[in-house]
Participant: 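Right, I'll just put the structure down here and ask away after.
All figures in this text were calculated on a predicted structure; none of them were measured in a lab.
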Amino acid sequence: MQKAFIDKNINIQKLVQDLQNSLSIDGWEVRINQYSQNDYLLRGQKKGHFHKVEEILIRVRGDPDNVLITIDEENIGTFGRAWINLKLLGEIERKVNDGFYS
């Protein structure tokens with residue numbers, strides 16, 4: 001799953017911090033790897049149903065006017081995917097459009 005934001009002047013570090021906070025609030029244990037100034041990988045894990053470990057990988061990269069968010073997930077059920085699409089990405093898109101990350 002990918003989401004691109006073009007011509008939005010996004011502070012990528014602020015976006016990554018907000019993603020980390022959103023995941024943590026929802027119960028994910030989050031680690032961040034920074035590959036360069038504008039290239040981050042967030043790795044979230046939490047126990048899901050039947051004690052399966054759910055994992056989400058969120059890659060944020062680009063420059064302030066051209067940001068790409070890529071999300072990969074493993075062992076995440078229907079509710080988890082709905083949360084990713086509606087809550088996580090929906091909230092990020094709303095904040096980008098409102099200039100929250102400028």
Participant: Mind checking who shares a hydrophobic cluster with L86, ILVMFWY linked at side-chain heavy-atom distances under 4.5 Å?
Facilitator: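 ILVMFWY cluster around L86 holds nothing else.
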
Participant: May I ask you to say whether D26 pairs ionically with K46, meaning some side-chain N is under 4.0 Å from a carboxylate O?
Facilitator: yes

Participant: To the nearest 0.5 Å, tell me how far Q17 CD sits from Y101 OH.
Facilitator: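 Between atom CD of Q17 and atom OH of Y101 there are 10.5 Å.
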
Participant: Hey, could you give me the CG/OG distance between L15 and S102, rounded to the nearest 0.5 Å?
Facilitator: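 The CG atom of L15 sits 11.0 Å away from the OG atom of S102.
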
Participant: Of all heavy-atom pairs between G62 and N38, which one has the smallest distance, and what is that distance?
Facilitator: O-CB, 2.9 Å

Participant: What distance separates L88 CG from R81 CZ, expressed to the nearest 0.5 Å?
Facilitator: 14.5 Å

Participant: Under a 4.0 Å N-O cut-off, is there an ion pair linking K95 with D18?
Facilitator: yes

Participant: Applying salt bridge (Lys or Arg N to Asp or Glu O under 4.0 Å), name anything that partners E91, two or more places apart in sequence or on another chain.
Facilitator: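 By the salt bridge (Lys or Arg N to Asp or Glu O under 4.0 Å) rule, E91 matches R94.
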
Participant: Between atom NZ of K3 and atom CE of M1, what is the distance when rounded to the nearest 0.5 Å?
Facilitator: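 Separation between the atoms: 11.5 Å.
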
Participant: Decide, yes or no, whether a salt bridge links E54 with K47 under the criterion of side-chain N to carboxylate O below 4.0 Å.
Facilitator: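 No.
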
Participant: Honestly, is K14 close enough over F100, meaning NZ or CZ under 6.0 Å from the six-membered ring centre and within 45° of the axis?
Facilitator: yes

Participant: Looking only at heavy atoms, what is the nearest atom pair of Y40 and Q34, with distance?
Facilitator: OH-NE2, 3.2 Å

Participant: Apart from L41 itself, which Ile, Leu, Val, Met, Phe, Trp or Tyr residues share its cluster (side-chain heavy atoms under 4.5 Å, direct or through members)?
Facilitator: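 Under the 4.5 Å side-chain rule, L41 groups with Y35, L57.
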
Participant: A side-chain contact here means heavy atoms from C-beta on lying under 4.5 Å apart; do E55 and I76 qualify?
Facilitator: no

Participant: Where is the tightest heavy-atom contact between L42 and Q20, given as atom of each residue plus distance?
Facilitator: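 Result for this residue pair: CD2-N, 3.7 Å.
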
Participant: Checking side chain to side chain donor-acceptor pair (under 3.5 Å) against K8, which of N97, D65, N66 comes through?
Facilitator: N97

Participant: Quick one: CD on E73 to CD1 on I58, what's the gap to the nearest 0.5 Å?
Facilitator: 11.0 Å

Participant: Counting only heavy atoms not in E29 (residues, nucleotides, ligands), do more than 12 fall under 6.0 Å from its CD?
Facilitator: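 No - once you tally the heavy atoms of other residues, nucleotides and ligands closer than 6.0 Å, there are 12 at most.
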
Participant: Of D39, L68, I69, which meets side-chain contact (heavy atoms from CB on, under 4.5 Å) against R59?
Facilitator: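 Answer after filtering D39, L68, I69: D39.
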
Participant: Output the distance between atom CH2 (W83) and atom CG (L89), rounded to the nearest 0.5 Å.
Facilitator: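 With rounding to 0.5 Å, CH2 (W83) is 9.0 Å from CG (L89).
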
